[in-house]
Protein chains: 2
Amino acid sequence: MFSIDLTSRVPIYEQICKKITELVLNGTLSENDQLPSVRSFAKDSGVNPNTVAKAYQELERNGIIYSVPGRGSFIAKQKMEEFKNNALANFDIAAVSAFDVGIPPDELKKRIDKIHDNYRKGKQL
Amino acid sequence: MFSIDLTSRVPIYEQICKKITELVLNGTLSENDQLPSVRSFAKDSGVNPNTVAKAYQELERNGIIYSVPGRGSFIAKQKMEEFKNNALANFDIAAVSAFDVGIPPDELKKRIDKIHDNYRKGKQL
DNA sequence: ATAACCGTACCACATGATATAGTACACTTG
DNA sequence: CAAGTGTACTATATCATGTGGTACGGTTAT
């Protein structure tokens, strides 16, 4: 269910955080959905329970999930505003980098349409 | 001349690479301009010569600079196409992330105009 | 030629992040 | 009570990063 690349230079716990955050964003996981336990997740993906616990704690700090000792870990009610602000901040940085290498605003606008078309098609699969 | 943050979680050699790449992109450094020697750079910025050497070797692998033993390190002839492709690839990723959190294409387009205005103003300073 | 500088290549060492392994505790559910 | 849960430790190993030192060969200017 959760694909983890053990050979990547990206820390495993970071991959887990990113993956779960993705699943929340695209609607696969919703509020109060229960996550796998740290032990079962660890067993299924072949990593150490401590590593999964670290990822869950990181996610809890970021308000993505909440954990209850004895019960489990669950998806939290999301603050979409923060997600949007983060996405826009990253978008700004990418746009400025594009301007730096001489790409004009019009080309970026055209590109947005293209990406959005592909995005909708991808969603239909 | 080169501001390095010794306390950052980002590796020093990576900061050096990014900084020099920036200076090339914005035109501060041009083809065949000579860079500080690994020793003088290290002394000025308070890091180890080995760390600067590592950064220079990384830059050479990326085709940003070229080094000649006995003479020094210099800015290489840049392949702008690669820079543009990288910038566009990053832009695509940022745009998709924005779509993921429900930001519509039109809002991104408006944002591009805003960013571009600020970008031009920033360039005039 | 000599001295000074250049990039480069080592080696040893310290540190921090990452990951594993094992154990233990308190809590909740059946 | 038993099983499963998150959490908190300790210890250990590995890797990336950074430092310090030394050395070699090439280049430049005196």
Side-chain angles (χ1 to χ4, degrees), chain A residues 1-21 24 29 31-77, chain B residues 1-21 24 29 31-77:
Chain A
M1 180 176 186
F2 299 92
S3 57
I4 302 299
D5 180 8
L6 301 179
T7 72
S8 169
R9 70 277 162 359
V10 178
I12 297 175
Y13 76 93
E14 213 168 287
Q15 293 183 47
I16 296 174
C17 289
K18 193 173 179 181
K19 193 68 186 175
I20 293 181
T21 302
V24 172
L29 294 175
E31 190 178 348
N32 294 328
D33 281 353
Q34 184 161 12
L35 292 167
S37 74
V38 290
R39 290 175 180 82
S40 67
F41 192 131
K43 192 177 178 185
D44 290 352
S45 56
V47 303
N48 193 278
N50 288 331
T51 303
V52 181
K54 184 173 183 180
Y56 279 15
Q57 287 158 12
E58 178 82 10
L59 286 167
E60 189 164 20
R61 271 197 300 275
N62 294 346
I64 311 290
I65 72 174
Y66 63 93
S67 294
V68 184
R71 292 200 59 231
S73 298
F74 308 86
I75 303 296
K77 180 164 170 38
Chain B
M1 180 175 185
F2 298 92
S3 58
I4 302 299
D5 180 8
L6 300 180
T7 72
S8 170
R9 64 305 157 339
V10 178
I12 297 175
Y13 74 93
E14 213 168 287
Q15 293 184 46
I16 297 175
C17 288
K18 191 172 180 182
K19 192 68 184 177
I20 292 181
T21 303
V24 171
L29 294 175
E31 191 179 347
N32 293 328
D33 281 353
Q34 184 162 12
L35 292 167
S37 75
V38 290
R39 289 175 180 82
S40 67
F41 192 129
K43 191 177 178 185
D44 290 352
S45 57
V47 302
N48 193 280
N50 287 333
T51 303
V52 181
K54 184 173 184 179
Y56 279 15
Q57 286 158 13
E58 178 83 11
L59 286 166
E60 189 165 20
R61 270 197 301 276
N62 294 345
I64 311 290
I65 72 174
Y66 63 93
S67 295
V68 184
R71 294 200 59 231
S73 298
F74 309 86
I75 304 296
K77 179 162 171 40

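Note: hydrogens, waters and symmetry copies are ignored here, and every other heavy atom, side chains too, is used.
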Step by step, would you call L35(B) with L29(B) a side chain to side chain contact (heavy atoms under 4.5 Å, CB included)?
CA-CA 9 Å; L35(B) 292 167; L29(B) 294 175; 4.0 Å; yes
Starting at atom CZ of R61(B), determine the distance to atom P of dG7(C), rounded to an integer number of angstrom.
16 Å
Tell me: CG of L59(B) to P of dT8(C), nearest whole Å?
11 Å
Base, sugar-phosphate, or nothing: which does S40(A) touch, judged by heavy atoms less than 4.0 Å apart?
nothing
S37(A) vs dT5(D): side-chain N/O to OP1/OP2 distance below 4.0 Å:
yes
Candidate nucleotides dT7(D), dT8(C), dT20(C), ranked by approach to the side chain of I12(A) - the nearest:
dT20(C)
Which nucleotide in dG6(D), dT8(C), dG18(D) has an atom nearest any side-chain atom of S67(A)
dG6(D)
Output the rounded distance in Å from OH (Y66(B)) to P (dC6(C)).
16 Å
The criterion is salt bridge (Lys or Arg N to Asp or Glu O under 4.0 Å); which residues satisfy it with R61(A), sequence neighbours excluded?
E58(A)
So how far is it from C17(A) SG to Q57(A) CD, rounded to the nearest 0.5 Å?
10.0 Å
Taking only residues two or more places apart in sequence, or in another chain, which ones meet F41(A) in a ring-ring contact (aromatic ring centres under 6.0 Å, His included)?
F2(A)
Please report, rounded to the nearest Å, how far the C1' atom of dC6(C) is from the CD atom of E60(B).
13 Å
Check whether any side-chain nitrogen or oxygen of Y13(A) sits under 4.0 Å from OP1 or OP2 of dT18(C), and answer yes or no.
yes
Whole-Å gap separating C1' (dT18(C)) and CD (Q57(A)):
15 Å
Between C1' of dT20(C) and CD1 of I16(A), the distance in whole Å:
13 Å
To the nearest 0.5 Å, what is the distance between OG1 (T51(A)) and CD (Q15(A))?
11.0 Å
Considering only heavy atoms, which members of residues 41-54 of chain A lie under 4.0 Å from some atom of DNA chain C?
V47(A), N48(A), N50(A), T51(A), K54(A)
Just how far is it from atom NZ of K19(B) to atom OG of S45(B), taken to the nearest 0.5 Å?
12.5 Å
With heavy atoms under 4.0 Å as the rule, sort Q34(A) into base, sugar-phosphate or nothing.
nothing
Could you tell me how far apart I4(A) (CD1) and dA19(C) (C1') are, to the nearest whole angstrom?
14 Å
Without decimals, in angstroms, what is the distance between I65(B) CD1 and dT8(C) P?
8 Å
Rounded to the nearest 0.5 angstrom, the CD1-CG distance for I16(A) and L59(A) is 8.5 Å
Walk along nucleotides 25-30 of chain C from 5' to 3' and tag each nucleotide B, S or - by protein heavy-atom contact under 4.0 Å, base first, then sugar-phosphate.
--BSS-
Extract all donor-acceptor atom pairs below 3.5 Å that involve side chains of residues 65-76 of chain B and protein atoms in other chains or at least two apart in sequence.
from	atom 1	to	atom 2	distance (Å)
Y66(B)	OH	N32(B)	OD1	2.7
S67(B)	OG	S73(B)	OG	2.8

Going by side-chain contact (heavy atoms from CB on, under 4.5 Å), name the residues that satisfy it together with N50(A), two or more places apart in sequence or in a different chain.
N48(A)
Kindly indicate whether the side chain of I20(A), heavy atoms from C-beta on, has any atom under 4.5 Å from the side chain of Y56(A).
yes
Would you mind classifying the nucleic acid contact of E14(B) as base, sugar-phosphate or nothing, using non-hydrogen atoms under 4.0 angstrom?
nothing
